[in-house]
Structure formats: C-alpha cells, structure tokens
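Some notes on the structure that comes next.
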Amino acid sequence: MIHLTQPGTLFQDQYVTRASELLQKWQGEGVHSYGLIGVPLAKTSISHSGAHLAPAAFRQSLSGFTTYAAESGCDLQRERIIDFGDIAMHATDVIESHKRIKDTLYELLQKNEKLFPIIIGGDHSVSYPAIAAFQQARGKTAVIQFDAHCDVRNLHDGGVTNGTPFRKLLEEKHIEGDYLYQVGIRNFVNSEAYIHYVKQAGVRMVTMEHVTAVGIQNVMQNILHEVEQKADHLYVSLDMDVLDQAYAPGCPAAAPGGMSSSVLIEALSLIARSPLFSGIDLVEVDPTVDFRSMTSKLSAYMVLSVLEKRIR
C-alpha cells in the first residue's frame with residue numbers, strides 16, 4: 001500500500017479546526033465582516049527591514065493555532081476572514097505605493113460599508129495612507145497607536161519614512177491631535193523635539209512608565225471613554241515594537257523596556273469590546289530576523305484574540 005500526501009501537508013485531526021481555515025479568498029463579492037489586506041512595503045524603513053514579507057508570515061502563522069478559545073469556550077470556526085490578498089507595491093516609487101494603498105483601501109471601504117479591515121504591513125509608513133483612506137471613507141475617526149516611537153519625524157532629513165506616518169496625518173489634517181492616542185512611548189528611542197511636537201499638536205501620549213504605574217486597564221478605560229464621547233469610529237495602529245524585545249524579537253527596532261504580550265493582549269481585548277472599533281493595522285514585523293516566528297505568531301494570536309472578544 002502506498003501512503004502519499006501533498007508536500008507540506010499538515011497533520012489532520014478530525015476534532016481540530018486550524019485558524020488558517022478562517023481565511024477565505026475574495027471572489028469579488030461584497031464583504032460584511034472581516035477582511036485581510038496585506039501591504040508588503042518595507043522600502044520606507046530607515047533601518048534594515050524585511051517587513052514586506054510579514055503578510056505571508058502572518059497567514060502562515062495562523063496555521064499554528066486552532067479556532068477554539070479554551071478559556072472562554074468560544075469557537076471561531078464559523079467566522080470568516082475574507083482574504084483580499086496583497087496590494088501591489090511599485091518597485092521603486094514609495095509615493096506611488098502609498099497612493100495605491102490609499103486608493104485600494106478607500107475603494108474597498110466605500111464599496112463594503114461593514115468591512116472591518118485587518119491590514120498587515122509592511123513598515124509603519126503604510127499607516128499613513130491606510131488611516132487617511134479610513135478617515136475619508138468612514139468619517140470622524142479616533143486612532144489608538146501602540147508604539148515605542150511617536151513616528152512624527154521631520155520630512156526634510158529623509159522624506160517619507162516609517163518614522164513619519166503620524167506627522168503626515170497630522171499636518172495634512174487627516175486626523176486632529178486630540179483624536180490620536182499614543183500608548184507605550186518609552187525612553188531612549190525618541191527625541192525631545194518630537195515629544196514637544198506631539199504635545200503641541202494636542203496628541204494624547206501615554207508613556208510606558210504611566211502604563212506600568214496605573215495599569216493597562218485604567219489607561220484603556222480612560223481612552224475609550226474619551227473616544228466614545230467624540231468619535232464615530234476607532235482605528236488601531238499596532239506597531240509591534242511597542243512590545244519588549246523579549247516578546248517581539250522580529251521587529252526592526254526591537255528594544256528593551258516595552259510591554260509584555262499579556263499586557264498588550266489585555267489592551268486589545270478591552271478595545272475589541274468597543275462598538276466603535278472598526279479597523280486595525282499591524283506593522284513592523286520582519287520575518288528575516290524573527291526567532292522561531294515568535295513575532296509573526298504573536299501577531300496572529302492577537303488578531304484571533306480580538307475576534308474572540310468581539311463575538312463573545
């Protein structure tokens with residue numbers, strides 16, 4: 001008897017549904033729930049980065065998880081994430097790539113009013129066109145940015161980079177300063193000039209010291225209370241380097257002093273329960289420097305955690 005399978009076939013258990021099975025290839029139909037969009041851009045990174053490989057690594061990492069959340073008894077197996085594929089980047093023109101991101105996301109959001117975008121970068125520059133498109137399509141939007149860095153570098157020294165997305169968003173008036181919440185800002189990775197800039201712009205900045213002192217639950221409850229008083233939608237921009245390098249070694253700017261994975265998951269779980277939460281991007285994962293896919297797996301785990309909290 002001959003026993004053969006296709007190369008790369010994973011072990012099959014009749015009682016287990018892999019999280020990768022939630023992905024369903026887009027066939028041009030209207031989408032009324034979750035949609036995965038890959039944005040494989042890393043050319044704007046000011047440090048070496050293979051973040052353009054992250055969308056593929058994210059999809060692959062889903063196969064390492066099941067759909068069942070044992071702690072709550074919730075099973076995601078009936079959920080579907082429509083996979084739109086990746087937005088095609090220009091080979092050399094960063095501005096054109098950003099235009100493609102904005103145009104594509106805006107059209108998808110316009111044509112699919114209930115679409116909840118799950119955008120997988122890419123470096124953090126992709127958040128500039130993504131949030132601009134979201135704001136244009138959906139209206140008054142508050143943004144929670146989990147990040148070690150303010151990402152408001154000046155545009156004169158290096159042009160558009162992964163360090164400038166929120167400078168661009170603020171200066172082009174896509175969002176107002178008091179609609180931007182930066183959570184996880186920490187020591188020795190920013191400059192005084194940029195801390196001054198965000199304060200002058202009215203940005204709500206929460207440092208890691210404050211998160212540690214009062215706890216992430218208090219931080220998020222206060223932010224969500226404010227957001228619900230003034231915004232129509234809430235968008236999360238998650239730079240994985242908000243995490244300590246022990247938890248996210250696959251970040252180009254990995255450094256000590258950051259959040260633990262459990263703290264970040266708790267924050268996202270609180271956000272997931274908000275009726276205003278309408279979209280998320282995850283950025284700054286470089287699979288080429290990751291250790292045992294730790295950072296990619298954590299990205300996938302966090303998205304599954306968000307879905308689980310939203311349907312409970």
Using side-chain contact (heavy atoms from CB on, under 4.5 Å) as the criterion, point out the one residue from Glu226, Gln145, Gln182 that pairs with Arg204. Glu226
For Leu76, which of Arg80, Arg78, Glu79 qualifies under side-chain contact (heavy atoms from CB on, under 4.5 Å)?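 Exactly one candidate clears the test, Glu79.
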Around atom [atom1] of [X], are there more than 12 heavy atoms of other residues, nucleotides or ligands at under 6.0 Å?
| X | atom1 | answer |
| --- | --- | --- |
| Tyr301 | OH | no |
| Lys168 | NZ | yes |
| Glu209 | CD | no |
| Glu96 | CD | yes |
| Glu192 | CD | no |
| His32 | NE2 | no |
| Gln136 | CD | yes |
| Gln221 | CD | yes |

Return yes if a side-chain donor-acceptor contact under 3.5 Å exists between Asn154 and Tyr194, otherwise no.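 Looking only at side-chain atoms, Tyr194 and Asn154 do form a donor-acceptor pair, the distance falling under 3.5 Å.
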Will you find, in the side chains of Asp241 and His124, an N or O donor that is under 3.5 Å from an N or O acceptor?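 The criterion, which ignores hydrogens and geometry beyond distance, is not satisfied for His124 and Asp241.
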Heavy atoms only: give me the nearest Pro40-Asp86 pair and the separation to one decimal.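 Smallest interatomic distance, heavy atoms only, reads CD-CB, 4.0 Å.
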Are the side chains of [X] and [Y] in touch, meaning some heavy atoms are under 4.5 Å apart?
| X | Y | answer |
| --- | --- | --- |
| Leu169 | Gln135 | no |
| Val183 | Val242 | no |
| Cys251 | Asp286 | no |
| Asp151 | Asn162 | no |
| Tyr247 | Ser260 | yes |

Any sub-3.5 Å donor-acceptor pair from [X]'s side-chain atoms to [Y]'s backbone N or O?
| X | Y | answer |
| --- | --- | --- |
| Ser274 | Ile271 | no |
| Asp290 | Thr295 | yes |
| Thr164 | Val160 | no |

About how many Å separate NZ of Lys43 and NE2 of His90, when rounded to the nearest 0.5 Å? 10.0 Å
Give a yes/no verdict on a cation-pi contact between Lys230 and Tyr179, requiring under 6.0 Å between NZ or CZ and the six-membered ring centre and an angle within 45° of the axis. yes
Would you say Ile144 and Leu268 are hydrophobically clustered, going by side-chain heavy atoms of ILVMFWY under 4.5 Å? yes
Only one of Lys25, Gln24, Arg59 forms a side-chain hydrogen bond (donor to acceptor under 3.5 Å, both in side chains) with Asp83, so which one is it? Arg59
